[in-house]
Protein chains: 2
Amino acid sequence: MSSEALKRATTLEDVARVAGVSRATVSRVINGVRNVDPAIQDAVRQAITRTGYVPNSAARSLVTRRTGALALVISGSDAPETPDHHVGGEIFADPFFGRVVSGVFTGLRPLDLHPVLMLADSAEARDKALTYLRQGNADGAMVVSTHSRDPLPAQLLAAGIPTVLFGRPPTPLSLSCVDLDNREGGRIAADHLHARGRHRVAAVSGPLGVRAARDRLSGFREAMADHGIHQLPHVEGDFTREDGERAMASLLRRYPDLDGVFAANDLMAQGALAVLAEHRRRVPEDIAVIGFDDSSAATAGRPHLTTVRQPVEEMAAEMTRVLLDHLARPGRAATTVLFEPTLIERQSA
Amino acid sequence: MSSEALKRATTLEDVARVAGVSRATVSRVINGVRNVDPAIQDAVRQAITRTGYVPNSAARSLVTRRTGALALVISGSDAPETPDHHVGGEIFADPFFGRVVSGVFTGLRPLDLHPVLMLADSAEARDKALTYLRQGNADGAMVVSTHSRDPLPAQLLAAGIPTVLFGRPPTPLSLSCVDLDNREGGRIAADHLHARGRHRVAAVSGPLGVRAARDRLSGFREAMADHGIHQLPHVEGDFTREDGERAMASLLRRYPDLDGVFAANDLMAQGALAVLAEHRRRVPEDIAVIGFDDSSAATAGRPHLTTVRQPVEEMAAEMTRVLLDHLARPGRAATTVLFEPTLIERQSA
DNA sequence: ACGGGCTGGGAGAGCGCTCTCCGAGCGTGC
DNA sequence: GCACGCTCGGAGAGCGCTCTCCCAGCCCGT
């Protein structure tokens, strides 16, 4: 009781003393385990408010082996760090990132869990992230892994860290994942372009090191072949708007009579639209453009993009749910949840 | 040495035994404190790799009172949660969010620290965030507080949690913050529009509950008044592209002869551009548009936006640095770092 | 009246680490 | 040769919590 308590944070012990019970009882009241006499419960609660007690989560974690944090790892391709560019700038600028975060929060909101963000865009960063996770700083990991050769998923698996992937890995791992049927998405785009009577079409794909990009392209190609179109100009982009502009310009130069373009994401489609406008091509009259994602970029410019929707928020929320499930019941088999793309018809195609 | 170790994680104790030293010595080697005989250091390091030891951070936190995590709190205005909308959807869709994250990572990269994301978009979420921080789950907080009446900064101050704010609070608190001279930014926009010979101008402001929005508007107004323009049509927007479209449409209806518009962020400017295109107004010939932020939205459409640059990444990185500084030297006086806006001249004005 | 289950609280042993204190060993100065 | 300081490793006390035991008391059936 000696005042001048020197700022020592109040502990369970203090509360117990004030309430006149044992530490164990206070703990029971706080965690709601077992029956505790209502009168004592009251006393404890009063003591808690009186002392302003807040449990120390490090101490709690030490014994429960739970932290209340989930890692959200953005495991990008090794980005060259240009001096004027900020860390992960391109990744974080992509609407995709915000949608994932939003979905994760949707899945986490009801619980008392928080996402800790990690950027694994280099071997060094990946090691750091792995170490961090190994140290038990988070209960599990959600990994948005863009590149095919990313070793992180396998490392997490080996380390025994509960993990769920956004996007299937190139070679199956016994890790749960959530993904879109990208091939089918590509097919949808092709079918739509074909139904609109476009026969001189081209594709702006994403980086072919990314499985989703390859799948979208091959789905598109397959369906186009089904429609009898076998020649398919193709430029590889990097999913940025700037690259969409560059790709469209190059396509236009080489194939001036194009009447349809499929871009593997909305950002690149938006870039294509801008270049087309500069070239005075009317969309969709002269040339139809179809995007992918249905992100905010789809309705940012004019005309609004017709696009293949990827329900990123739902997928991220599902990824979170799956991870929570694994945490709740360890040893559960890995599952893959596949989402179906849908066509969102707007004005550009 | 009895095998069948039942998966118990290896601890310091184990390493010490293997290396033939005491726990303390292993700890010293790991944390690099004091001189330890090189031969012993080697032995310890070998033992560490041999056993695959990874320190448990909960145990470490318990005694060091450091967690290695920094909270990044997005304390938005109380968002109505519509069923089809995802948590924080609008906030996370704004390029601003990604830029902040990028800047924070830039500031954190060299250290072994990670940001944990928190969304405080309701009283309940705010309480949760506060509790989380009080429990010592993070060493400090970086708060992007959008709304003027947000009680969170004051609560954090009262709770004694090291905090740095992005954006000055409406009433000064003894908390460090990083902000832009928004008023000056508004002035820059006005001066540029005036220099371009525009006299029938209007403003699309941000939500007036947000200090930055108010400051930008009043700076713009002041400078316009200096140029002899006192009548200034004004529509309040909410910083979204959709609202920019709505605002521009409304402005156009009421003031068809406008020849200049200042939008308080690029997203709204982009919306304005789209509406202007639909109305066949040429930008900048018929009407000049100037945005604010210099986000990726500025160059997404055509024409590229002339805009007042807010170096969000640098500001976020600085915010991180300031927080780290407060953590390194507690009891240090609060500082305010003010960044200067600059005009980025492109095509729209 | 008595044994057996059941309810509800206390004692205390850790969880895995850090860090202060000690003391052994050794070089140094006079 | 001896006291002194210095370097470097070990012992052990916690950090604040959870959770398993254990035990006291009580209600029940017979």
Side-chain angles (χ1 to χ4, degrees), chain A residues 5-45 47-48 51-68 112 131-137 139, chain B residues 5-45 47-48 51-69 112 131-132 134-137 139:
Chain A
L6 281 176
K7 277 222 176 168
R8 198 178 54 78
T10 68
T11 72
L12 252 201
E13 193 76 53
D14 301 327
V15 178
R17 205 181 316 116
V18 171
V21 296
S22 76
R23 228 170 43 238
T25 300
V26 179
S27 176
R28 282 196 270 262
V29 170
I30 290 174
N31 298 306
V33 307
R34 287 216 338 209
N35 266 357
V36 175
D37 189 297
I40 293 192
Q41 281 200 34
D42 267 17
V44 169
R45 278 189 229 290
I48 288 176
T51 55
Y53 171 70
V54 176
N56 174 313
S57 48
R60 180 177 286 176
S61 294
L62 183 55
V63 28
T64 60
R65 274 131 208 305
R66 280 301 182 93
T67 65
D112 252 336
T131 300
Y132 188 82
L133 257 10
R134 274 227 186 81
Q135 294 178 334
N137 283 295
D139 299 331
Chain B
L6 280 176
K7 278 216 172 171
R8 199 178 52 77
T10 68
T11 72
L12 251 201
E13 192 77 52
D14 302 326
V15 178
R17 204 180 318 115
V18 170
V21 297
S22 75
R23 234 175 31 246
T25 300
V26 179
S27 175
R28 282 196 270 261
V29 170
I30 291 175
N31 300 305
V33 307
R34 285 209 347 199
N35 265 359
V36 175
D37 188 298
I40 294 192
Q41 282 199 35
D42 267 14
V44 169
R45 279 191 227 287
I48 289 177
T51 55
Y53 171 69
V54 177
N56 174 313
S57 48
R60 180 177 287 177
S61 293
L62 184 55
V63 26
T64 59
R65 272 132 208 306
R66 279 302 181 91
T67 66
D112 250 339
T131 301
Y132 188 82
R134 274 227 186 82
Q135 294 178 336
N137 282 295
D139 299 332

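Chain letters run A, B, ... following the sequence lines, proteins first and then strands; every chain starts at 1.
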[X]: what forms a side chain to side chain contact (heavy atoms under 4.5 Å, CB included) with it, not counting sequence neighbours?
X: Ala16(A); value: Val26(A)
X: Asp42(B); value: none
X: Ala19(A); value: Val21(A), Val44(A), Ala47(A)
X: Val54(A); value: Arg134(B), Gln135(B)

- Message: Once side-chain hydrogen bond (donor to acceptor under 3.5 Å, both in side chains) is applied, do any residues pair with Ser61(A), and if so which ones, sequence neighbours excluded?
- Response: none

- Report the residues that fulfil side-chain hydrogen bond (donor to acceptor under 3.5 Å, both in side chains) with Thr51(A), sequence neighbours left out, ordered by chain and then residue number. none

- Query: Of all residues at least two apart in sequence or in a different chain, which pass the salt bridge (charged side-chain N to carboxylate O under 4.0 Å, His left out) check with Arg23(A)?
  - Reply: Glu13(A)

- All salt bridge (charged side-chain N to carboxylate O under 4.0 Å, His left out) counterparts of Asp139(B), not counting sequence neighbours: none

Each nucleotide N or O in nucleotides 20-27 of chain C that has a protein N or O under 3.5 Å away: list the pair and distance.
none

- Task: Give me the bend of the helix from dA1(C)-dT30(D) to dC30(C)-dG1(D), using the axes of the five pairs at each end, rounded to 10°.
- Result: 40°

- Those residues of residues 53-63 of chain A lying under 4.0 Å from DNA chain C by at least one heavy atom: Leu62(A), Val63(A)

- Query: If you pin Arg65(B) and Val21(B) to their nearest nucleotides in DNA chain D, which one's is more 5'?
  - Reply: Val21(B)

- Could you give the start and end, 5' to 3', of the contact zone on DNA chain D for chain B, using atoms under 4.0 Å from its heavy atoms? dC8(D) to dG16(D)

- Stepwise side chain to side chain contact (heavy atoms under 4.5 Å, CB included) test for Arg28(B) and Ile40(B): CA-CA 11 Å; Arg28(B) 282 196 270 261; Ile40(B) 294 192; over 6 Å; no

How far does [atom1] of [X] sit from [atom2] of [Y], to the nearest 0.5 angstrom?
X: Leu62(A); Y: Asn56(B); atom1: CG; atom2: CG; result: 6.0 Å
X: Ile48(A); Y: Asp14(A); atom1: CD1; atom2: CG; result: 12.0 Å
X: Asp112(B); Y: Ser57(B); atom1: CG; atom2: OG; result: 11.0 Å

